[in-house]
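What follows is a short report on a single structure.
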Amino acid sequence: KPVEKPCFVAASQAHAKFLKNQLGFECRVVSHGIPLEKYPFKKDKGDYLLYLARVSEEKGALEFVRLCKATGMKGMLVGPDDSVADPIAYPRMVMEACSASNGLVWYYGQAGNNEEKVELLQNARCLVSPLKAPYIEIFGMALVEAMACGTPILVTDQGAPRELVVHGVTGAIAQNLDCLERNLALALECKPEACRKRAEEFSRERMAEKYLALYQEMVENGLEW
């Protein structure tokens, strides 16, 4: 512990549980929030699945390519490949897998700016996040950003995603990587309007209100943990 009462705030219940197990102290939870106005809703979608994360093993980039091949759906693989544990070997394997897909999966690289990222999110049929055990996602900003754009989620059950995605309403939560393909149809059936409504629960204004409430308790009641 850095101090006796660190008063640490986690981004999710999964994050809080992880920190308690690793460091031995309790955490309060305040979910991250996004500026919703920067992620406009779009009902009409394109014809591709989207991967938006680091091109890394724990995020399941290769599993995304395999899912596209297994389902015959087009894929856009978007994300940085220079901020990962192995910035050469694994991204190269992913690039080669994309090249071997005969144009089905496009290795896009990192989005140039937020507007470019938003356009990719708005037009995707579904955002796919094939997280690999034992990796634990402590929040998942891209999931909220996608839902704000009206795009459903397909994600493996690794940490916080089940606190964000409502199974069968705003996407599908697969028990593991082997269950991704069978859950894709459920995710694709989800309504864009339901996705946007869920994302509105994770606005930056709501995040700020929750932090202010914690600060007020500290000042008025001596709250500490």
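Only heavy atoms go into these numbers, but all of them, side chains included; no hydrogens, no water, no symmetry mates.
Hydrophobic clustering (side-chain heavy atoms under 4.5 Å, transitive across Ile, Leu, Val, Met, Phe, Trp, Tyr) groups Leu223 together with Val30. Transitive grouping of hydrophobic side chains (ILVMFWY, heavy atoms separated by less than 4.5 Å) keeps Val9 and Phe25 in distinct clusters. Linking ILVMFWY residues whenever their side-chain heavy atoms come closer than 4.5 Å, directly or via other members, leaves Leu36 and Phe41 in distinct clusters. A continuous path of hydrophobic side-chain contacts links Val78 to Ile34 [ILVMFWY only; heavy atoms under 4.5 Å]. Note: the hydrophobic cluster containing Leu50 does not contain Leu177 (ILVMFWY, side chain heavy atoms under 4.5 Å, direct or indirect links).
The two residues Val65 and Val94 have their closest heavy-atom pair at CG2-CG1, 4.5 Å. Minimum interatomic distance between Lys69 and Ala97 (heavy atoms only, all atoms of both residues): NZ-O, 3.4 Å. When all heavy atoms of Cys68 and Val105 are compared, the pair lying nearest together is CB-CG2, 3.5 Å. Val55 and Gly79 get closest at one heavy-atom pair: CG2-O, 3.6 Å. For the residue pair Pro192 and Lys43, the shortest heavy atom distance occurs at CG-O, 3.8 Å. Listed here is the closest heavy atom pair of Ala16 and Ala10: N-CB, 3.6 Å.
Annotation: side chain to side chain donor-acceptor pair (under 3.5 Å) contacts of Gln175 (sequence neighbours excluded): none. Lys38 pairs by the side chain to side chain donor-acceptor pair (under 3.5 Å) definition with nothing, not counting sequence neighbours. Under the salt bridge (Lys or Arg N to Asp or Glu O under 4.0 Å) criterion, Lys210 pairs with no residue, sequence neighbours left out. When the salt bridge (Lys or Arg N to Asp or Glu O under 4.0 Å) test is applied to Glu201, the partners found at least two apart in sequence or on another chain are Arg198. Residues satisfying the salt bridge (Lys or Arg N to Asp or Glu O under 4.0 Å) test with Lys59, not counting sequence neighbours, are Glu137. Tyr48 meets the side chain to side chain donor-acceptor pair (under 3.5 Å) test with no other residue; sequence neighbours excluded. Looking at residues two or more places apart in sequence or on another chain, you find a salt bridge (Lys or Arg N to Asp or Glu O under 4.0 Å) between Lys74 and Asp47.
Remark: Cys126 SG to Glu189 CD distance equals 11.5 Å, nearest 0.5 Å. Of the inter-residue distances, the one linking Asn114 atom CG with Glu119 atom CD reads 12.0 Å to the nearest 0.5 angstrom. Taking SG of Cys190 as the reference point, atom CZ of Arg125 lies at 11.0 Å (rounded to 0.5 Å). Distance check, rounded to the nearest 0.5 Å: CG of Asp178 to CD of Glu63 gives 10.0 Å. Note that NZ of Lys191 and OG1 of Thr170 are 14.0 Å apart. Values are rounded to the nearest 0.5 Å. For the atom pair CD of Gln22 and CD1 of Ile136, the computed distance is 10.5 Å after rounding to the nearest 0.5 Å.
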side-chain contact (heavy atoms from CB on, under 4.5 Å) between Glu224 and Met218, intermediate numbers included: CA-CA 7 Å; Glu224 58 182 25; Met218 287 178 169; over 6 Å; no
Derivation and outcome, side-chain contact (heavy atoms from CB on, under 4.5 Å), residues Leu212 and Gln216: CA-CA 6 Å; Leu212 284 170; Gln216 189 169 3; over 6 Å; no
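Residue pairs satisfying the ring pair (Phe, Tyr, Trp, His ring centres under 6.0 Å) criterion with at least one member in residues 53-73, sequence neighbours excluded, are listed as follows: Tyr51-Phe64. Applying the ring pair (Phe, Tyr, Trp, His ring centres under 6.0 Å) test to residues at least two apart or on different chains, none of the pairs has a partner in residues 176-225. Applying the ring pair (Phe, Tyr, Trp, His ring centres under 6.0 Å) rule to pairs touching residues 173-201 yields nothing, sequence neighbours excluded. Within the structure, side-chain hydrogen bond (donor to acceptor under 3.5 Å, both in side chains) pairs that include any residue of residues 90-106 do not occur (at least two apart or interchain).
Looking only at side-chain heavy atoms (C-beta outward), Leu49 and Leu184 come within less than 4.5 Å of each other. Here the side chains of Asn123 and Met76 are not in contact, with every heavy-atom distance at 4.5 Å or above. Under the 4.5 Å side-chain criterion, counting only non-hydrogen atoms from C-beta, Leu77 is not in contact with Met95. Ser129 is not listed as a side-chain neighbour of Leu127, based on a closest heavy-atom distance of 4.5 Å or more.
A donor-acceptor pair under 3.5 Å is formed between the side chain of Glu116 and the backbone N or O of Gly112. A donor-acceptor contact shorter than 3.5 Å is absent between the side chain of Ser12 and the backbone of Phe139.
Arg196 and Glu200 are joined by a salt bridge, as a carboxylate oxygen and a charged side-chain nitrogen come within less than 4.0 angstrom of each other.
Here the rule is side chain to side chain donor-acceptor pair (under 3.5 Å) with Arg204, and of Glu209, Glu37, His32 only Glu37 fits it.
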Can you list, pair by pair, the side-chain donor-acceptor contacts under 3.5 Å of residues 141-169, counting residues two or more places apart and other chains?
from	atom 1	to	atom 2	distance (Å)
Glu145	OE1	Lys117	NZ	3.1
Glu145	OE2	Tyr39	OH	3.0
Glu145	OE2	Lys117	NZ	3.3
Thr151	OG1	Lys45	NZ	2.9
Thr151	OG1	Leu121	O	2.6
Thr156	OG1	Leu131	N	2.8
Thr156	OG1	Leu131	O	2.7
Asp157	OD1	Arg162	NE	3.1
Asp157	OD2	Arg162	NE	3.4
Asp157	OD2	Arg162	NH2	2.8
Gln158	NE2	Tyr135	O	2.8
Glu163	OE1	Gln13	N	2.9
Glu163	OE2	Gln13	N	3.2
Glu163	OE2	Ala14	N	2.9
His167	ND1	Ile173	N	2.9

